[in-house]
Amino acid sequence: MPGKNKILKLAVILAVLHAAYFLLALKFGGLYMADSAEYLKQAENIKSSFSFYCGDLAKQIDNDLFTRRPPVYALLIAAVKFIVNLDFAVLFLQSLLSILNLTGLYILMRGAGYEKYSFAAIPLFALLFPPQAITSNFIMAEILLQTIVFWAFYAFVKYIKTKELKYIFYFNLLLAAGVLTKPVLLYFWIPNILFSLYLYYKNRKVTIIAASAILPAVILAVCLFNLGKTGYFHYSSLKDNNLLYYNGYFILVNTKDIETANKEIEETQKYLFGIQDYKQMSEERERLGTELVMNNKMTYAKLHLKGVLNYFFDPGRFDFLNFTGRLNEKNNEGMMFIFAKEGYIGVLKQLIKQNPGLLAYLVLVFLMNVVLFVGFIVFLIRKNVEFEIKLFAALLVFFLGFMSGPLGTLRYKIHVIPLMLFGAIIALSGFIDRKSRDEAEKTQKT
């Protein structure tokens, strides 16, 4: 009973913190981003005709919009709005999911033997790291994917602690749900199978290999479904679009002036729109994007590295301004674009123009990003944590970081925040305990 009381107290503290941001979301109304309209339209189409199309079915059909968004998040929106037809009801549920994830993190740490300091550290983190609660108040799939990734990790840790094979199936089923939420997990089936082969080598259980087939089987099923729908075997149209219109565009901006880059992209779009066959157009779009990357390997490598650094250290300025309804104010040119073009010098120049309150917020979040990253790295090199747990956590965190590419941003790191916090608290606990022992030894000697 004492343990349950602490869990309840933690959940209540987290609920109060999230309620404050939910009320701010009601006030500011900054719950929509560029992708939100497609998720909402997809949810409407699911309710009206059980179609996963992300656009207006009454207008000319765009095959890209059949496959752009995997269906799980829109299914969640549709389910919520079937009960309460308000977008804020979706935000309320997402806040509950965020609370569930952080409370589940505390339960996981208790069960894994790392309860010390976590009861205080988790709500303190939620207080000092506003992006967790802020992201809960966007019509975006980030918190849902965080939920799926965290509970997949939770199931895996339970397997390592208990050796019960049902947890192997649980975490693989959750990974499948993850790829049906956002395409970023599309290629995770490769490290997951390699990791499963390692687990099989350690435990000689065929079930482990069988469970690892769930993720690629789901991906194959979706690709075949998309083939039947569009005539083109692929998982999501986001892949080719991002390759050309984001990665390729950033390359052009870095190798030519902005006006030339915009003109070339516009001419490319006109050329592609002129191709009537969807399969041919998609293959040509992929070819053009790949060609841009391969012809500018070093430029792209630098952009990709910058994006990964952004993933880990971006203070989330765009998200904060969007949340507070201040995105269209002066001096709000996109930091991601500035970072891709001018690097850290350009970002620092832009930060100087911010008001002191916003600057203080950005510094706070940046410092918390540093604490998370350093703590997670220390956790990975600690010897008193099971190697398999560290390896699986590292696979998820660094795979998703790498896959963010030039588009890396704090919002994408939200997916793995509980995993990084898990590691950071363990690392911090070891540091505090070691320091306490050293001080005790000094006191004894004196």
Side-chain angles (χ1 to χ4, degrees), residues 13-14 17-18 20-21 24-25 27-28 30 33 98 102 117 120-138 140 142-143 146 305-379 397 401 404 406-425 427-428 431-432:
I13 294 169
L14 293 170
L17 288 170
H18 280 74
Y21 284 96
L24 288 173
K27 177 184 177 181
F28 295 128
M33 290 193 169
S98 178
L102 294 176
Y117 307 117
I122 291 173
L124 182 63
F125 173 81
L127 177 65
L128 298 177
F129 192 77
Q132 173 68 25
I134 286 176
T135 307
S136 303
N137 290 289
F138 292 139
M140 296 288 285
E142 267 52 67
I143 286 296
Q146 180 193 86
L305 178 59
K306 286 181 179 180
V308 174
L309 289 174
N310 242 15
Y311 175 88
F312 285 109
F313 300 111
D314 172 32
R317 173 180 170 275
F318 178 90
D319 301 337
F320 179 78
L321 292 175
N322 192 88
F323 176 72
T324 55
R326 297 164 55 194
L327 199 57
N328 296 320
E329 292 181 358
K330 292 180 180 180
N331 299 327
N332 282 338
E333 186 178 2
M335 285 291 191
M336 184 170 69
F337 178 81
I338 293 171
F339 185 63
K341 178 64 179 173
E342 303 177 37
Y344 289 108
I345 298 299
V347 170
L348 288 173
K349 288 179 181 177
Q350 186 72 3
L351 285 175
I352 294 172
K353 301 176 184 178
Q354 311 302 311
N355 68 63
L358 176 57
L359 185 58
Y361 171 87
L362 297 177
V363 170
L364 171 65
V365 177
F366 175 76
L367 291 175
M368 291 303 296
N369 281 334
V370 173
V371 169
L372 271 179
F373 183 78
V374 172
F376 188 71
I377 297 299
V378 172
F379 156 74
V397 170
S404 68
L407 295 174
T409 181
L410 171 64
R411 190 167 67 255
Y412 298 154
K413 192 178 73 175
I414 290 294
H415 307 153
V416 295
I417 284 294
L419 276 63
M420 296 189 72
L421 186 55
F422 175 84
I425 292 174
L428 183 62
F431 174 77
I432 294 173

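All figures in this text were calculated on a predicted structure; none of them were measured in a lab.
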Close side-chain approach of S136 and Y21, heavy atoms under 4.5 Å: no

Sequence neighbours excluded - side chain to side chain donor-acceptor pair (under 3.5 Å) pairs with any residue from residues 121-132: S98-Q132, Q132-Q146

Stepwise side-chain contact (heavy atoms from CB on, under 4.5 Å) check, F138 with N322: CA-CA 9 Å; F138 292 139; N322 192 88; 3.5 Å; yes

Check against side-chain contact (heavy atoms from CB on, under 4.5 Å), M420 and V397: CA-CA 8 Å; M420 296 189 72; V397 170; 4.0 Å; yes

Distance (rounded to the nearest 0.5 Å) between N310 CG and L410 CG: 9.5 Å

CA sep, side-chain torsions, deciding dist, call: L362, F366, side-chain contact (heavy atoms from CB on, under 4.5 Å): CA-CA 6 Å; L362 297 177; F366 175 76; over 6 Å; no

Under the ring-ring contact (aromatic ring centres under 6.0 Å, His included) test, residues paired with F379 that sit two or more places apart: F376, F422

Nearest atoms (heavy-atom pairs only) where I122 meets I425: CG1-CD1, 3.8 Å

Validation row: D314, F318 side chains within 4.5 angstrom (heavy atoms): no

Minimal non-hydrogen separation, E142 against R411, with atom names: CG-O, 3.2 Å

Pairing residues for F323 by the ring-ring contact (aromatic ring centres under 6.0 Å, His included) criterion, not counting sequence neighbours: none

Results of ring-ring contact (aromatic ring centres under 6.0 Å, His included) for F129 - residues two or more places apart only: F125

Verdict with reasoning, Y311 to Y412, per ring pair (Phe, Tyr, Trp, His ring centres under 6.0 Å): CA-CA 7 Å; Y311 175 88; Y412 298 154; 7.7 Å; no

Side-chain heavy atoms of L358 within contact of L321, under 4.5 Å: yes

Shortest non-hydrogen contact between G401 and S404, atoms and distance: O-OG, 2.6 Å

Test item: T324 and F320 side chains (from C-beta on) under 4.5 Å apart, heavy atoms: yes

Residue pairs, two or more places apart or on separate chains, that pass side chain to side chain donor-acceptor pair (under 3.5 Å) and touch residues 359-378: N369-K413

Straight-line distance of R317 CZ to T409 OG1, nearest 0.5 Å: 11.5 Å

Closest contact, heavy atoms only, A126 versus L102: CB-CD1, 4.2 Å

Taking every non-hydrogen atom, the tightest pair across P131 and I414: O-CD1, 3.8 Å

Full working for side-chain contact (heavy atoms from CB on, under 4.5 Å) between I417 and L372: CA-CA 8 Å; I417 284 294; L372 271 179; 3.6 Å; yes

Atom of V365, atom of P315 and distance for their closest heavy-atom approach: CG1-O, 3.4 Å

Residues in side-chain hydrogen bond (donor to acceptor under 3.5 Å, both in side chains) contact with N137, at least two apart in sequence or another chain: none

